[in-house]
Amino acid sequence: PSTRPWRLWGPLAAALAGSIVLLGALAALSKPGTDALAAAAAASYEVTILRHAERKYAPAHECDPPLAPALPSFIVGDCPAGGSNTCGGDFLTERGLERARRIPSELHLGEISRIVAENPGTCRTPDVKREYQTVLPLALKLGIPILSTFFRGDEKGLAHHLSGSDMREQLCGAGTTAVVCWNHRNIPRIMRHLGCNTTVCRTELDTMDFDTYFSVSLSCSDGSVVDVRRKRENVTLLTPPDW
């Protein structure tokens with residue numbers, strides 16, 4: 001009789017072990033899978049950074065006259081009778097204008113919800129409006145206003161905007177992308193302030209290279225750089241180079 005408790009212990013131990021295994025399985029089912037966690041951590045959004053199209057070195061006007069037909073005010077703001085840097089189009093060459101017109105139909109960048117361009121300045125600073133005019137046809141086709149609050153030299157502020165919570169929330173939530181058009185000499189500064197210091201990010205585009213652009217993947221969780229790729233526009237240009 002003294003051995004009966006030991007005889008009972010075997011079945012009880014087996015039952016207890018089975019319960020532990022069952023609880024472990026239920027706990028595993030209640031947690032997200034490792035694949036799901038990895039996918040969430042890897043979620044990113046795209047920012048495309050373009051260089052401006054081919055430009056004139058001696059524009060004909062200090063201030064461009066308004067284009068006809070009038071451009072939508074929700075994209076370019078008010079166009080005064082004397083013209084402004086957002087309402088005209090005199091700083092790109094014929095080839096540059098052709099490139100700007102081709103980008104909306106031939107450069108496939110996904111669904112775009114934000115367009116950013118270097119501030120075009122005033123009539124007395126025509127050399128900074130080429131970026132604005134490069135993405136103007138894209139903005140007109142999509143009906144998206146051009147954000148032009150950032151000036152040349154404020155690449156740090158632009159980078160913070162691109163990686164900030166507002167941008168992440170909009171682009172990650174909708175699965176859309178942003179397009180930025182900037183001066184080629186300062187694009188490496190944008191990259192540096194985004195946190196990329198690789199050779200791809202540090203190397204300045206060649207003076208006559210108007211075809212290369214950057215595709216930057218940023219993390220949806222914190223805006224950090226996930227990947228940077230150099231790509232080619234390869235748009236159809238019938239106008240010969242003017243150099």
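Under the side chain to side chain contact (heavy atoms under 4.5 Å, CB included) rule, Ile49 has a single partner from Leu158, Val228, Ile187, which is Ile187. The only option from Leu142, Thr48, Val135 that meets the side chain to side chain contact (heavy atoms under 4.5 Å, CB included) definition with Ile112 turns out to be Leu142.
Counting heavy atoms of neighbouring residues, nucleotides and ligands inside a 6.0 Å radius, atom CZ of Arg185 does not exceed 12 of them.
Atom CD of residue Glu155 and atom CZ of residue Arg192 lie 8.5 Å apart, to the nearest 0.5 angstrom. Atom SG of residue Cys181 and atom CD of residue Gln133 lie 10.5 Å apart, to the nearest 0.5 angstrom. For the atom pair OH (Tyr213) and CD (Glu233), the distance works out to 7.5 Å, reported to the nearest 0.5 Å. To the nearest 0.5 angstrom, Arg168 atom CZ is 13.0 Å from Gln170 atom CD. Note that CD1 of Ile146 and CG of Asn119 are 11.5 Å apart. Values are rounded to the nearest 0.5 Å. Put simply, OG on Ser215 and CG on Asp227 are 7.5 Å apart, with the number rounded to the nearest 0.5 Å.
Here the side chain of Arg189 pairs no donor or acceptor atom with the backbone of Lys156 at under 3.5 angstrom. A donor-acceptor pair under 3.5 Å is formed between the side chain of Glu98 and the backbone N or O of Leu238. No side-chain donor-acceptor contact under 3.5 Å links Arg55 to the backbone of Leu92. A donor-acceptor pair is defined here as one N or O able to donate and one able to accept, closer than 3.5 Å; no such pair exists between the side chain of Thr203 and the backbone of Val200. Looking only at distances, no side-chain donor or acceptor of Glu169 sits under 3.5 Å from a matching main-chain atom of Met167. A distance-only check finds a donor-acceptor pair linking the side chain of Glu106 to the backbone of Thr236 [under 3.5 Å].
A cation-pi arrangement, defined by a distance under 6.0 Å to the six-membered ring centre and an angle within 45 degrees of its axis, is present between Arg51 and Phe210.
Nearest heavy atoms, Arg102 versus Val235: CB-CB, 4.0 Å. Summarising the geometry of Trp182 relative to Ala117, their closest heavy-atom pair is CZ3-C, 3.9 Å, with the distance given to 0.1 Å. Pairing each heavy atom of Ala159 with each of Leu194, the nearest pair is O-CD2, 3.6 Å. Nearest heavy atoms, Ala53 versus Gly96: CB-O, 3.4 Å. Contact detail for Thr177 and Val47: the closest heavy-atom pair is OG1-N, 4.1 Å. Annotation for Pro104 and Ala100: closest pair CD-O, 3.2 Å, computed over non-hydrogen atoms.
Side chains of Arg130 and Glu54 form no contact here, defined as non-hydrogen atoms less than 4.5 Å apart. Leu138 places a side-chain heavy atom less than 4.5 Å from the side chain of Val179.
Side-chain contact check for Thr176 and Ser113: at least one donor-acceptor pair (N or O, by modelled atom type) lies under 3.5 Å. When only modelled atom types and interatomic distance are considered, Thr212 and Arg232 share a side-chain donor-acceptor pair under 3.5 Å.
Follow the hydrophobic side-chain contacts under 4.5 Å out from Leu140 and you reach Tyr132 in the same cluster.
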>> Run the side chain to side chain contact (heavy atoms under 4.5 Å, CB included) test on Arg114 and Ile144 for me, step by step, so that the C-alpha distance in whole Å, both residues' side-chain angles and the decisive distance to 0.1 Å come before the verdict.
In response: CA-CA 7 Å; Arg114 291 277 189 101; Ile144 298 175; 6.0 Å; no

>> salt bridge (charged side-chain N to carboxylate O under 4.0 Å, His left out) for Arg229 and Glu46? Distances and angles first, verdict last.
In response: CA-CA 11 Å; Arg229 299 171 300 283; Glu46 296 294 314; 3.1 Å; yes

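Counting only residues at least two apart or in different chains, ring-ring contact (aromatic ring centres under 6.0 Å, His included) contacts with residues 137-181 comprise Phe150-His161.
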